Number of protein chains: 2
Amino acid sequence: MEHWDEIRTAYYVVREGTVSGAADALGVHHATVIRHIDALEERLGVKLFQRHARGYTPTEAGADLARVAQTTDDQFSQLGGRLRGQGETVTGELVVTALPSFAERVAPVLVQFQRDHPEVQVRFLTDARVFRLEYGEAHVAIRAGSAPEEPDNVVQPFFTMEIGLYAAPCYVERFGRPTMDTLGDHRFVGFADLRSRAPFMRWQEKHVPLEAVHFRATDDRGLIAAVRSGAGLGFMATCDAHGLVDVMDRQPEWNAQTWLVTHVDLHRSAKVQAALSAFKAAARDWRRDEKGIQLS
Amino acid sequence: MEHWDEIRTAYYVVREGTVSGAADALGVHHATVIRHIDALEERLGVKLFQRHARGYTPTEAGADLARVAQTTDDQFSQLGGRLRGQGETVTGELVVTALPSFAERVAPVLVQFQRDHPEVQVRFLTDARVFRLEYGEAHVAIRAGSAPEEPDNVVQPFFTMEIGLYAAPCYVERFGRPTMDTLGDHRFVGFADLRSRAPFMRWQEKHVPLEAVHFRATDDRGLIAAVRSGAGLGFMATCDAHGLVDVMDRQPEWNAQTWLVTHVDLHRSAKVQAALSAFKAAARDWRRDEKGIQLS
DNA sequence: CATTAGATGTGCGTAGTCGCACAGTTGAGG
DNA sequence: CCTCAACTGTGCGACTACGCACATCTAATG
């Protein structure tokens with residue numbers, strides 16, 4: 001029971017009553033219809049039709065086949081409508097992945113997105129490991145660092161996370177503020193992973209002697225907690241720094257660029273497009289807010 | 001949503017997870033599978049799979065399609081089993097048509113056939129008009145007269161209905177028995193339709209003057225009733241003649257040959273074959289009984 | 001790190017399938 | 001009774017779609 005096209009042909013012959021009518025309805029030549037029927041009967045070893053010069057009348061076997069094919073045709077029609085519409089409606093699941101560090105910034109955007117599109121179910125995966133878009137693990141990934149260059153991934157700039165060098169008030173009270181020349185005299189907080197590719201860490205590696213880093217944390221949360229406790233100077237996003245002291249003029253090379261990454265196969269779908277535009281709108285808002293803060 | 005074969009291909013890709021696996025399972029080259037998927041996605045305008053070097057993972061659209069195609073595959077498999085088995089099982093309806101004259105002889109055979117095959121529903125159509133096998137009006141037709149020669153009909157001899165010339169006892173008492181020379185002096189019962197092609201009627205036309213036919217009936221039942229009432233001499237089947245007087249030596253040329261006719265498209269099916277063998281067995285029994293009667 | 005097995009993707013030649021034209025047949029209608 | 005229209009059926013030519021071979025890539029394994 002392979003060759004579903006032949007079943008479809010037989011179904012149309014039952015529906016139309018004649019080979020010619022079925023051929024017209026199918027948009028093929030009537031010789032093709034005859035050949036399909038013959039092949040199907042040959043393969044099944046059962047006569048599906050009684051042939052006469054005025055048309056084909058189905059046998060019981062043919063009528064049985066037509067009933068099954070009828071439901072199949074209906075189901076496929078519905079499916080076709082669903083699939084075609086799926087490109088234009090925003091429904092189903094939206095899977096977004098990001099580094100845990102971005103959770104606080106990204107989550108509100110997703111919550112708002114879900115409110116705007118009540119029919120989507122948002123799944124937000126935060127994990128240190130890199131989810132693979134080409135395996136369908138997520139629709140949208142938020143990546144940091146240099147622009148990803150994997151093939152089949154469409155990459156768009158998201159936002160630049162502004163980074164500053166901060167210290168707890170009690171630390172400043174005790175050790176003062178650093179200058180470019182006195183960096184080695186301060187205590188720094190860094191990442192445990194020495195090979196971190198964060199730009200501010202590259203800067204730290206270059207300008208701060210290794211022995212000046214007295215505290216190392218596995219992730220940004222630990223780093224922030226350490227800085228807040230007065231462990232030393234540490235780089236972090238400006239938004240995370242409330243209550244801390246901005247101890248040095250910000251340098252653009254510290255900033256971490258983030259990217260919105262989608263798989264090319266999913267990028268065109270309306271759902272992903274809607275999510276991307278929501279993210280980009282949020283990024284615009286953030287930029288405006290920062291400028292507002294700067295201006296004020 | 002035409003091209004059902006492509007849907008089937010996509011379904012197999014979802015099932016197997018890889019294009020190559022699907023190609024093996026389908027028995028085609030993997031290039032064909034790729035082309036089918038590409039064509040289907042192109043036509044639908046929706047990505048069904050995310051491609052990567054280790055295989056194809058379905059998108060939501062692909063998974064949706066696979067669910068529908070799964071049920072379709074199941075239904076088609078069942079259908080295939082049903083249809084293939086249909087050639088070998090004896091179920092469904094069996095439609096037999098015959099002249100009303102044959103009803104009494106044929107009906108018992110059909111009753112027995114239904115007892116032997118409890119799953120068939122017998123429909124026995126008796127009508128003067130000729131049912132057309134090529135339109136699917138019946139599976140088996142019982143015809144009388146010269147062998148039918150329509151194309152696409154397979155014809156087998158059924159039984160020869162032995163015909164005798166009979167009269168009611170009261171008629172014989174009054175007029176005696178006819179000889180070949182005194183036929184014109186007797187009263188005959190015939191068919192109203194002068195163009196009857198029954199062989200005994202042809203004989204009667206040839207040897208009995210028209211004016212000797214004093215009674216004409218539309219069918220054999222009327223004829224028999226007339227003879228029984230003493231209207232005159234009449235031809236009828238030996239089996240219908242109980243209580244009547246066999247007034248003349250039977251001549252073979254009176255006998256009516258009957259035929260079992262089936263349409264070639266249905267002839268090979270087990271159901272029709274079973275019905276035919278039941279009829280032929282019955283005919284054998286009848287011949288044996290007649291010979292037994294002759295011998296006794 | 002090199003190797004290998006297994007996967008996707010593409011150009012090319014061929015084989016299978018389709019469309020066309022014509023023949024043959026049936027049923028309807030004047 | 002004759003004509004006409006519609007349908008089935010078949011041989012032939014063209015074209016599509018298939019299989020093959022090769023290139024390329026990835027992940028796993030030693």
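Letters go in sequence order (proteins before strands), and every chain restarts at 1. Predicted model only: the values in this text are computed from it and were never measured.
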Participant: Between dC18(D) atom P and I37(B) atom CD1, what is the distance in whole Å?
Facilitator: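 Answer to the nearest Å: 12 Å.
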Participant: Do R67(A) and Y11(A) form a cation-pi contact, if we require the NZ or CZ to be under 6.0 Å from the six-membered ring centre and within 45 degrees of the ring's axis?
Facilitator: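 No.
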Participant: Check each residue of residues 14-35 of chain A for a non-hydrogen atom within less than 4.0 Å of any atom in DNA chain D, then write out the ones that pass by number, or none.
Facilitator: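 Contacts with DNA chain D under 4.0 Å: T18(A), V19(A), S20(A), H30(A), A31(A), I34(A).
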Participant: Taking the six-membered ring of F131(A) as reference, does the cationic atom of R129(A) (NZ for Lys, CZ for Arg) lie under 6.0 Å from its centre and within 45° of its axis?
Facilitator: yes
Participant: Rounding to an integer number of Å, can you tell me how far D38(B) CG sits from dC18(D) C1'?
Facilitator: 15 Å
Participant: What's the CD-C1' distance between E42(A) and dT17(C), to the nearest Å?
Facilitator: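 To the nearest whole Å, that distance equals 17 Å.
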Participant: Could you state the atom-to-atom distance from CZ of R51(A) to C1' of dT8(D) in whole Å?
Facilitator: 10 Å
Participant: H52(A) NE2 to dG27(C) C1': how many Å, rounded?
Facilitator: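 One finds 11 Å between C1' of dG27(C) and NE2 of H52(A), rounded.
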Participant: Phosphate oxygens OP1/OP2 of dG9(D): is one of them under 4.0 Å from a side-chain N or O of Y56(A)?
Facilitator: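 Yes, because at least one side-chain N or O of Y56(A) sits under 4.0 Å from OP1 or OP2 of dG9(D).
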Participant: For M1(B) and W4(B), which heavy atoms make the closest approach, and how far apart are they?
Facilitator: O-NE1, 3.5 Å
Participant: Is it true that E6(A) and R43(A) make a salt bridge, defined as a side-chain N closer than 4.0 Å to a carboxylate O?
Facilitator: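 Yes, charged N to carboxylate O under 4.0 Å.
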Participant: Given atom CD of Q50(B) and atom C1' of dG9(C), what is their separation to the nearest angstrom?
Facilitator: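 Atom CD in Q50(B) sits about 18 Å away from atom C1' in dG9(C).
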Participant: List for me each residue that meets side-chain hydrogen bond (donor to acceptor under 3.5 Å, both in side chains) alongside R216(A), sequence neighbours excluded, and say none if there are none.
Facilitator: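 Result, side-chain hydrogen bond (donor to acceptor under 3.5 Å, both in side chains) vs R216(A): none returned.
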Participant: Take the protein atom NE2 of H36(A) and the nucleotide atom P of dG9(D), then report the distance between them rounded to whole Å.
Facilitator: 16 Å
Participant: Judged by each residue's nearest nucleotide on DNA chain C, which is more toward the 5′ side, H3(A) or R132(B)?
Facilitator: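 Nearest-nucleotide comparison on DNA chain C picks H3(A).
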Participant: Within 45° of the axis and under 6.0 Å from the centre of the six-membered ring of F49(A), does NZ or CZ of R51(A) qualify?
Facilitator: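 Here R51(A) fails the 6.0 Å and 45° test against F49(A).
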